[in-house]
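Right, one structure below, let's go through it.
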Amino acid sequence: MSTYITENIKQNIQEYFTSQYQANIAIEKIVIQKTKSDFEGDFTIVCFSFTPITKKSPDISANELGEYLVEKNRLVVKYNVIKGFLNITLSLSYWSDFISSNLSNLKFGLKTENSKGRIVIEYSSPNTNKPLHLGHVRNNLLGHSVASILKADGFDVKKVNLINDRGIHICKSMLAWMKWGNQETPESSGLKGDHLIGKYYVIFDQKYKEQIKELVATGMVQEVAEKQAPLLIEAQEMLLKWEHNDPEVRRIWELLNSWVYDGFEFTYKQMGISFDKIYYESNTYSLGKSLVEDGLKKGIFNQREDHSVWADLTNDGLDEKLLLRGDGTSVYMTQDLGTAQLRNDDYSPEKMIYVVGNEQNYHFDVLKLILHKKLGYEWAGGIHHLSYGMVELPSGKMKSREGTVVDADELMLAMIEEAKLQTIEKGKTDQFSPQEATELYRMIGLGALKYFILKVDPMKNMMFNPEQSIELTGNTAPFIQYTHARICSLLEKSGVDFTILHHYESSKLESAELAIIRQLHEYPSIITEASANYSPAVIANYAFELVKMYNSFYQEKPILKEEDQEKKNIRLAISQITRIAIRNSMFLLGIDVPSKM
RNA sequence: GGUUCCGUAGCUCAGUUGGAUAGAGCAACAGCCUUCUAAGCUGUGGGUCGCGCGUUCGAAUCGCGCCGGGAUCACCA
């Protein structure tokens with residue numbers, strides 16, 4: 001929608017240069033942007049690049065072009081030139097038509113057809129040895145939001161999760177549980193399954209450290225002790241047994257994992273995220289192994305004396321990478337090769353996005369290089385690592401050993417609790433039923449958390465300050481939710497039927513109205529931009545701008561008491577579309593919006 | 001050390017393919033609730049865009065070199 005008018009003008013400009021100067025100008029070279037609010041006009045054409053063609057000063061070139069546009073395009077009514085910037089003003093009817101045509105469009109800004117091809121996006125990808133923490137929260141929110149944005153931009157999106165249910169880490173938890181667990185279960189302990197297993201992972205680490213200390217005390221070198229501690233060796237043996245399908249090991253593994261899955265499911269549900277398909281590494285790692293063995297036969301990989309298999313990537317500026325251990329068990333890379341292959345077989349997507357933290361940048365460079373260049377799979381060219389920065393705390397980095405990890409479940413509960421306290425203090429829920437009130441606290445608490453995390457550019461490391469995150473004023477979800485609720489209330493009181501209201505006296509549009517209409521007009525292209533950059537932050541920042549603008553507009557004068565009926569209708573119409581844009585934006589961030597608060 | 005990402009107000013962050021006088025929120029200060037919901041609005045103060053050089057009509061944005069910080073360079077996942 002917003003591109004329509006600017007594309008139109010770009011064509012006019014192209015025609016102008018062919019007819020007046022017999023010159024061809026590439027459409028990408030023409031820069032049209034929203035006019036800054038300090039200047040008069042709707043769109044600004046930057047005219048400096050035209051001077052080589054016109055052989056005239058930027059100002060004169062701009063004036064001549066302005067003249068032409070006013071004459072040629074009936075939507076352009078006037079122009080002004082400031083230092084080589086050509087500001088054009090569109091006919092008011094353009095803006096009022098825009099309002100009319102979107103008034104009852106609940107999908108405003110969202111593309112409904114899958115016209116851009118298929119994308120598989122993987123996110124969350126937890127290990128089964130411990131509960132989800134703040135880092136996973138960023139991952140989950142980012143993945144879920146990017147998936148929604150891509151879909152809204154017209155892609156056919158498949159959301160997948162890959163659970164790392166096998167490997168040495170889960171063997172460690174299992175071992176600790178077998179040795180010191182006394183058959184403890186989630187029921188007997190009252191702990192959520194993932195938290196229970198996490199507890200044993202910590203116990204393993206403690207006991208392992210003790211053993212190392214003892215060995216060092218007997219005169220062993222630290223590095224050697226770390227490798228020879230009996231507990232670690234036992235865990236390694238267990239992994240081997242697991243890969244050889246030892247019934248007892250498998251039984252315990254399945255039992256403990258099932259507890260963890262129940263725990264994860266609860267967390268995902270609370271967080272409001274979901275998947276189309278869940279992959280388990282235990283099902284895919286053997287495919288990875290066979291890929292590696294094939295590569296070995298073809299001479300793409302090489303084998304060392306201890307039977308371990310390696311890929312030599314030194315010619316591509318990377319190192320040598322282990323693909324299979326000497327004992328034949330697989331490593332992280334092995335299973336990722338397998339899952340990529342499997343995923344391609346399942347969906348044959350144009351793109352595969354992996355939402356994984358930036359500490360794994362190297363891993364994904366290697367993964368793509370091996371699949372695409374070494375093994376020669378064309379489809380692997382579509383692999384994209386959506387890398388995001390670390391979440392830091394004011395106290396420093398999160399370290400599980402030092403107990404500075406922020407647990408996802410606890411965090412969400414704390415946010416909801418804080419939302420409840422502040423809401424009650426303001427008396428917002430006095431008239432609510434208990435169910436409505438509980439639902440509102442949840443929306444506000446989780447909304448604040450999600451927005452706080454998603455408003456930051458994914459690429460950057462971010463600071464998670466617990467106190468700031470529960471702030472409910474300023475650039476926060478509750479502020480946006482609040483505005484949405486107020487508009488709902490306004491519209492309800494107005495009693496206007498938007499299916500009938502479709503025509504306006506465009507001369508009633510004044511600058512306050514125009515400012516916000518221009519912002520709304522941009523919305524569809526904002527979604528495209530967010531999709532191209534895989535960045536929910538683009539949506540969040542847009543929504544905040546829109547809401548701020550609307551609040552000024554709203555405060556300006558009482559809409560319902562507006563005496564001019566035509567003007568009142570136009571302000572109600574703007575409120576309606578703003579409401580839809582807010583709701584849709586928050587939907588793309590996975591944030592619920594209440595209709596009253 | 002190699003590779004890579006980041007560096008914008010006291011703090012947390014925006015800043016579109018290079019565009020006009022670099023913007024918000026928080027914090028501070030001053031106003032606005034008999035006026036559709038004050039989780040709001042209006043105003044004030046606050047900047048060597050890490051530093052330097054280059055590219056050009058024009059640089060927070062692009063290039064090169066420094067400085068500072070993170071990540072990674074595992075038979076962990």
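Letters A, B, ... mirror the listed sequences (proteins, then strands); counts begin at 1.
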Sticking with atom [atom1], work out how far [N] lies from [M], rounded to a whole angstrom.
{"N": "B:A27", "M": "B:A9", "atom1": "C1'", "value": "12 Å"}
{"N": "B:U35", "M": "B:G18", "atom1": "C1'", "value": "47 Å"}
{"N": "B:A77", "M": "B:U72", "atom1": "P", "value": "16 Å"}
{"N": "B:U4", "M": "B:G45", "atom1": "P", "value": "44 Å"}
{"N": "B:U44", "M": "B:U61", "atom1": "C1'", "value": "31 Å"}

Of the listed nucleotides ([options]), which one gets closest to any side-chain atom of [X]?
{"X": "A:Tyr332", "options": "B:A77, B:G19, B:C36", "answer": "B:A77"}
{"X": "A:Lys460", "options": "B:G70, B:A77, B:G7", "answer": "B:G7"}
{"X": "A:Tyr554", "options": "B:U37, B:A39, B:C76", "answer": "B:U37"}
{"X": "A:Lys83", "options": "B:U21, B:C13, B:U37", "answer": "B:U21"}
{"X": "A:Glu392", "options": "B:G70, B:C41, B:A77", "answer": "B:G70"}

A:Met390 versus A:Asn358: any side-chain heavy-atom pair under 4.5 Å?
-> yes
Query raised in the report: Is there a side-chain contact between A:Leu367 and A:Tyr354 (heavy atoms, below 4.5 Å)?
Result: yes
Is the phosphate of [N] approached by [X] (side-chain N or O, under 4.0 Å from OP1 or OP2)?
{"X": "A:Lys455", "N": "B:C13", "answer": "no"}
{"X": "A:Lys568", "N": "B:C36", "answer": "no"}
{"X": "A:Ser552", "N": "B:C41", "answer": "no"}
{"X": "A:Asn551", "N": "B:C41", "answer": "yes"}
{"X": "A:Tyr362", "N": "B:U72", "answer": "no"}

Requested in this report: Answer yes when A:Glu436 and A:Lys596 have at least one side-chain N-carboxylate O distance shorter than 4.0 Å, and no when they do not.
Outcome: yes
Exercise. Run the salt-bridge test on A:Arg325 and A:Glu243 with the 4.0 Å N-O cut-off and return the result as yes or no.
Key: no
Taking for A:Leu322 and for A:Val31 the nucleotide of RNA chain B with the nearest heavy atom, the one nearer the 5' end belongs to A:Val31
The residue, A:Thr35 or A:Lys426, whose nearest nucleotide of RNA chain B is more 5′ is A:Thr35
Given protein heavy atoms under 4.0 Å, the one-letter contact record of nucleotides 23-32 of chain B, with B base, S sugar-phosphate only and - none, is simply -SSS------
Look at all strands and tell whether [X] reaches a base, only sugar-phosphate, or nothing, counting heavy atoms closer than 4.0 Å.
{"X": "A:Thr483", "result": "nothing"}
{"X": "A:Val456", "result": "sugar-phosphate"}
{"X": "A:Phe48", "result": "base"}
{"X": "A:Tyr482", "result": "base"}
{"X": "A:Met597", "result": "base"}
{"X": "A:Ala485", "result": "base"}
{"X": "A:Asp59", "result": "nothing"}
{"X": "A:Asn129", "result": "nothing"}
{"X": "A:Lys29", "result": "nothing"}
{"X": "A:Thr51", "result": "nothing"}

base_contact_polar ([N] base, [X] side chain, donor-acceptor, <3.5 Å):
{"X": "A:Asp165", "N": "B:A77", "answer": "no"}
{"X": "A:Lys596", "N": "B:U37", "answer": "no"}
{"X": "A:Ser125", "N": "B:A77", "answer": "no"}

Compute the ring centroids of [X] and [Y], then answer whether they are less than 6.0 Å apart.
{"X": "A:Trp253", "Y": "A:Tyr280", "result": "no"}
{"X": "A:Phe204", "Y": "A:Tyr201", "result": "no"}
{"X": "A:Phe479", "Y": "A:Phe544", "result": "yes"}

Symbol by symbol from the 5' end, with Watson-Crick or G-U pairs under 3.5 Å, [ ] crossing and | another strand, RNA chain B is (((((((..((((.....[...)))).(((((.......))))).....(((((..]....))))))))))))....
When rounded to whole Å, the CD1 to C1' distance for the pair A:Ile480 and B:G40 reads 14 Å
Donor + acceptor pair across side chains of A:Thr429, A:Tyr441 (<3.5 Å) = yes
Per the glycosidic torsion and the 90° limit around 0, nucleotide B:C26 is anti
